[in-house]
Participant: 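Take this structure first; my questions come after.
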Amino acid sequence: MSIDVERDGGIATVTVNRPDALNALDLEHAQELLERLEGLAAEEETRVVVLTGSGDKAFIAGADIKYMQGLGVLEARRWGELGHACGQLLETMPKPTIASINGYALGGGLELALACDLRLAASTAKLGQPEIDLGILPGWGGSIRLARTTTLGFAKALIFTGRPVDAAEALEHGLVNAVFEPGELMEKTRELAEGLAAKSPLALAYAKEATNHALQGPHRTNLETEARLFALMFSSEDQKEGMAAFVEKREPRFTGS
Ligand code: CAA
């Protein structure tokens, strides 16, 4: 299998398994990744999705340059749309997505990590948008999401120069949420994912929907969306359970109903 999916206790870990090419995504791998993400988005028992790369050297070293080399304009357009579809799913599926960045996250690799809700990195990871040195620009959402995640100035510096940053610099700019020693990254990712899997899936889905609006569209409408989703939670068992558990001084048991 070129894209592995491992399920354990509500957590699905998606591993791009192409270590010989540092997990770069060619057409076959990108299409398979999209299919896997579509399946997981619809799967109710999956509460949290983790994206990572096989081996200890790379998360995803980008789109496959050898595949892209001969593309014409229409093929390049479809290739861009395929990456965008993967990013769109990671960004909008109604459950948290976590990029566990275990090495190189370059080009399309960083762009998919940016589409995830949260990013944890190994201290050895290198992150960047080197497309400029291939005579192109980021094509899987990086020119938008990098600026939205960090700052416009930092995004332009990375995209214009192609300079990769290490995990410490990425953390400093908010590009990743936390950095761990390589041997600890998976365990810390799992801890975070388990914590999220125990929360109300409904509240998490609405929280994701509301926060996804934060940096786009009309402010007033976004606040109204938040108010609507907030009110909707009061029709759920999870709201009753969460508040009862607080009052009764016990841990809540959320069911997603
Ligand atoms: N595409 C295709 N093959 C890749 C690749 C990529 N993005 N990244 C690495 N590989 C392959 C190498 O060609 C090499 O294969 P061979 O052994 O068959 O030659 C193998 O992976 C190992 O790579 P290196 O020998 O280069 O390993 P290294 O440790 O010397 O260097 C690296 C590691 C700095 C990550 C280097 O491989 C590199 O610069 N890779 C390209 C990174 C890149 O430019 N990514 C962006 C692609 S463009 C993009 O993603 C567009 C978009 O927005 C959608």
Side-chain angles (χ1 to χ4, degrees), residues 2-4 14-37 51-91 97 99-116 119 121-150 152 154-170 175-176 182 185:
S2 47
I3 306 291
D4 298 329
V14 180
T15 305
V16 177
N17 190 6
R18 201 188 171 206
D20 291 352
L22 301 184
N23 303 322
L25 292 169
D26 59 5
L27 186 59
E28 182 200 331
H29 286 78
Q31 275 170 341
E32 197 178 329
L33 177 62
L34 180 63
E35 280 164 30
R36 296 278 174 275
L37 293 176
L51 178 65
T52 193
S54 67
D56 54 10
K57 200 170 165 189
F59 171 71
I60 300 169
D64 189 303
I65 299 167
K66 293 164 195 165
Y67 166 70
M68 285 188 295
Q69 192 179 12
L71 296 185
V73 175
L74 288 179
E75 291 164 309
R77 177 74 199 222
R78 280 198 289 274
W79 180 236
E81 284 167 358
L82 178 56
H84 274 265
C86 292
Q88 181 77 4
L89 269 171
L90 289 164
E91 188 172 66
T97 53
S100 189
I101 305 173
N102 54 317
Y104 288 113
L106 299 173
L110 179 54
E111 293 174 287
L112 293 178
L114 282 165
C116 291
R119 282 160 293 285
S123 55
T124 48
K126 292 267 190 302
L127 306 89
Q129 298 288 167
E131 287 91 342
I132 204 76
D133 293 325
L134 298 165
I136 56 170
L137 68 155
W140 286 0
S143 52
I144 313 300
R145 290 197 181 100
L146 184 53
R148 285 164 64 103
T149 304
T150 62
L152 184 58
F154 185 64
K156 284 184 175 174
L158 261 53
I159 291 168
F160 292 2
T161 66
R163 179 178 74 86
V165 296
D166 62 18
E169 189 174 350
L175 177 51
V176 297
L185 177 66

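Counting starts at 1 for both ligands and their atoms, in listed order.
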Participant: Roughly how far, to the nearest 0.5 Å, is NE2 of H84 from CG of L89?
Facilitator: 13.5 Å
Participant: Enumerate donor-acceptor pairs with a distance under 3.5 Å from any side-chain N or O in residues 137-148 to protein atoms, sequence neighbours excluded.
Facilitator:
| unit_1 | atom_1 | unit_2 | atom_2 | d |
| --- | --- | --- | --- | --- |
| W140 | NE1 | W79 | O | 3.2 |
| R145 | NE | E91 | OE2 | 2.7 |
| R145 | NH2 | E91 | OE1 | 3.1 |

Participant: Surrounding CG of D133 (heavy atoms of other residues, nucleotides or ligands, distance under 6.0 Å), is the total greater than 12?
Facilitator: yes
Participant: So which residues, sorted by chain and number, lie with a heavy atom under 4.0 Å of ligand 1?
Facilitator: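 Within 4.0 Å of ligand 1, protein side: D20, A21, L22, A24, K57, A61, G62, A63, D64, I65, K66, M68, Y104, L106, G107, G108, E111, P130, E131, L134, P138, G139, W140.
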Participant: So do R163 and E169 actually touch side chain to side chain, heavy atoms under 4.5 Å?
Facilitator: yes
Participant: What residues form a side-chain contact (heavy atoms from CB on, under 4.5 Å) with A99, not counting sequence neighbours?
Facilitator: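 Partners of A99 under the side-chain contact (heavy atoms from CB on, under 4.5 Å) test: F59, I101, A113, C116, R119.
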Participant: Donor-acceptor pairs under 3.5 angstrom involving side-chain atoms of residues 124-132: please list them, not counting sequence neighbours.
Facilitator:
| unit_1 | atom_1 | unit_2 | atom_2 | d |
| --- | --- | --- | --- | --- |
| Q129 | NE2 | E131 | OE1 | 3.1 |
| Q129 | NE2 | E131 | OE2 | 3.1 |

